[in-house]
Amino acid sequence: MSALTRLERGFFVQDTLTITRKLLGQCLVRIEKGQPRLAGFIIETEAYIGTEDLGCHARAGRTKRNSSMWGPPGHLYVYFTYGMHWMLNIVTEQESVPAATLIRALLPYEGIEVMLTRRRNRPRLELTNGPAKLCQALNIDSQFDGYDICMPDSNIFIERYPQVPEKMIITGPRVGLYTVPEPWKSIPWGFRVHSDFYQQFITALPE
DNA sequence: AGCACGATTAACT
DNA sequence: GTTAATCGTGCTC
């Protein structure tokens with residue numbers, strides 16, 4: 001087994017759609033003091049790109065809330081919505097260009113006992129199968145808005161795994177943009193891994 | 001100062 | 001399939 005490397009700054013300097021696709025199959029890791037490592041494979045992502053994209057928070061210009069999206073790549077944009085939920089994004093593109101990838105779902109891999117506690121013993125496949133759920137499971141909130149995941153001692157980072165084959169990636173519209181006008185509402189900037197691909201990892205999960 | 005809404009979730013019929 | 005929960009944010013007055 002070869003040593004795993006972390007995604008470095010250069011990865012997040014590619015164009016946003018490329019990054020959003022290539023993040024599928026990579027492993028998001030969360031380190032907390034006094035806790036076992038929490039980790040999950042990224043299986044669903046969405047791209048939000050620039051002020052033109054009317055589905056993107058950047059459409060209204062830079063505000064206190066969305067400021068991180070204008071920041072340097074490889075940092076996090078974490079925001080609060082629906083009065084109770086946190087959402088995890090990774091900032092892409094060069095500084096001053098607002099764009100990010102939303103992490104919508106993970107396949108739990110390490111630290112499942114801790115995730116079960118945080119997620120009130122929900123079924124294993126429902127631990128991190130939504131953008132707010134994974135933030136709850138990994139204990140990610142406002143304290144990580146603007147956080148740099150490329151620092152050597154970062155408490156959140158992504159480990160490099162082999163790319164998911166193109167044929168195993170399902171492309172479709174982004175979820176939840178009910179009031180967003182076309183073409184942005186339907187533009188196919190959502191990506192997920194076909195369940196055929198990760199089924200093998202589910203059956204391999206420890207009880 | 002007031003208000004409508006949201007890149008969601010869980011529980012319900 | 002529907003809907004309540006719950007509150008920070010940004011917009012309007």
Side-chain angles (χ1 to χ4, degrees), chain A residues 12 15-24 26 28 30 40 42-71 73 75-93 97-108 112 114-147 149 156 158 169-193:
Chain A
F12 300 102
D15 81 79
T16 301
L17 287 176
T18 301
I19 293 168
T20 304
R21 279 175 167 270
K22 289 173 81 173
L23 279 174
L24 295 174
Q26 308 304 302
L28 179 67
R30 167 80 163 106
I42 297 170
I43 56 173
E44 189 175 347
T45 56
E46 287 176 354
Y48 290 87
I49 311 174
T51 52
E52 304 287 298
D53 174 7
L54 297 181
C56 179
H57 289 162
R59 62 182 179 270
R62 192 170 192 166
T63 65
K64 188 179 180 194
R65 182 202 199 199
N66 66 24
S67 181
S68 297
M69 259 200 292
W70 273 260
H75 290 234
L76 300 180
Y77 167 43
V78 179
Y79 70 88
F80 185 71
T81 191
Y82 289 106
M84 66 192 95
H85 297 309
W86 296 98
M87 302 280 146
L88 173 65
N89 297 256
I90 301 170
V91 176
T92 59
E93 306 288 345
V97 177
T101 297
L102 172 69
I103 308 298
R104 281 196 63 87
L106 303 176
L107 190 64
I112 288 170
V114 176
M115 296 187 198
L116 283 167
T117 307
R118 298 243 172 86
R119 295 277 301 127
R120 311 189 61 151
N121 288 313
R122 305 213 75 81
R124 178 156 313 187
L125 289 176
E126 296 175 21
L127 291 177
T128 54
N129 65 335
K133 298 177 191 179
L134 68 92
C135 284
Q136 199 181 348
L138 301 189
N139 194 22
I140 292 171
D141 60 21
S142 63
Q143 71 183 111
F144 288 105
D145 187 32
Y147 191 80
I149 64 168
I156 298 176
I158 298 175
I169 297 177
I170 299 166
T171 303
R174 297 171 293 183
V175 175
L177 306 188
Y178 305 105
T179 64
V180 172
E182 299 290 359
W184 308 108
K185 183 176 183 172
S186 303
I187 200 166
W189 286 356
F191 305 95
R192 59 197 169 92
V193 180

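Numbered from 1 within each chain, the chains take letters A, B, ... in sequence-line order.
- A/D53 meets the side chain to side chain contact (heavy atoms under 4.5 Å, CB included) test with A/Y48, A/C56, A/R174, A/W184, A/W189; sequence neighbours excluded.
- Counting non-hydrogen atoms under 4.0 angstrom, A/M84 reaches a base of the nucleic acid.
- Under the rule for a salt bridge (charged side-chain N to carboxylate O under 4.0 Å, His left out), A/R119 has no partner lying at least two apart in sequence or in another chain.
- When the side-chain hydrogen bond (donor to acceptor under 3.5 Å, both in side chains) test is applied to A/R30, no partner is found at least two apart in sequence or on another chain.
- Base pairing in DNA chain C yields stems of at least 3 consecutive Watson-Crick or G-U pairs, both distances under 3.5 Å, namely B:1-6 with C:7-12, B:8-12 with C:1-5.
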Criterion side-chain hydrogen bond (donor to acceptor under 3.5 Å, both in side chains) on A/D145 and A/S142, from CA distance to verdict: CA-CA 5 Å; A/D145 187 32; A/S142 63; over 6 Å; no
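- Distance CG/A/L116 to CZ/A/R122: 11.5 Å, rounded to 0.5 Å.
- Using P as the reference atom, B/dG2 and C/dT6 are 22 Å apart when rounded to the nearest Å.
- Residues passing the side chain to side chain contact (heavy atoms under 4.5 Å, CB included) test with A/P98, sequence neighbours excluded: A/T51, A/A58, A/M69, A/W70.
- Residues from residues 128-135 of chain A that place a heavy atom under 4.0 Å from any atom of DNA chain B, listed by number: A/G130, A/P131, A/A132, A/K133.
- The aromatic rings of A/W86 and A/F80 sit tilted, their planes meeting at an angle between 30° and 60°.
- When DNA chain B is scanned 5' to 3' for any atom under 4.0 Å from a heavy atom of chain A, the first and last hits are B/dG6 to B/dA11.
- Using a 4.0 Å heavy-atom distance criterion, A/R119 is classed as a sugar-phosphate-only contact.
- Distance check, rounded to the nearest 0.5 Å: CG of A/L127 to CD1 of A/I112 gives 7.0 Å.
- Residues meeting the side chain to side chain contact (heavy atoms under 4.5 Å, CB included) test with A/Q143, sequence neighbours left out: A/D141.
- Tested against A/T101 for a side-chain contact (heavy atoms from CB on, under 4.5 Å), the candidates A/L88, A/I49, A/N89, A/T92 yield a single pass: A/T92.
- Under the rule for a side chain to side chain contact (heavy atoms under 4.5 Å, CB included), the partners of A/T63 that lie at least two apart in sequence or sit in another chain are A/R65, A/N66.
- Using a 4.0 Å heavy-atom criterion, one finds that A/F80 contacts the sugar-phosphate atoms exclusively.
- A distance of about 23 Å separates the C1' atoms of B/dA7 and C/dG1, rounded to the whole Å.
- Applying the salt bridge (charged side-chain N to carboxylate O under 4.0 Å, His left out) criterion to A/R104, with sequence neighbours excluded, gives A/E44, A/E46.
- Residues A/I156 and A/Y147 approach most closely at N-CE2, 3.9 Å, considering heavy atoms.
- To the nearest 0.5 Å, atoms CG (A/L28) and CG (A/L23) are separated by 9.5 Å.
- In A/E52, the CD atom is not crowded: 12 or fewer heavy atoms of neighbouring residues, nucleotides or ligands sit closer than 6.0 Å.
- Protein chain A contacts DNA chain C over a range whose 5' and 3' limits, counting nucleotides with an atom under 4.0 angstrom from a non-hydrogen atom, are C/dA5 to C/dC11.
- Only A/A60, A/T63, A/R65, listed by number, bring a heavy atom of residues 59-71 of chain A to less than 4.0 angstrom from any atom of DNA chain C.
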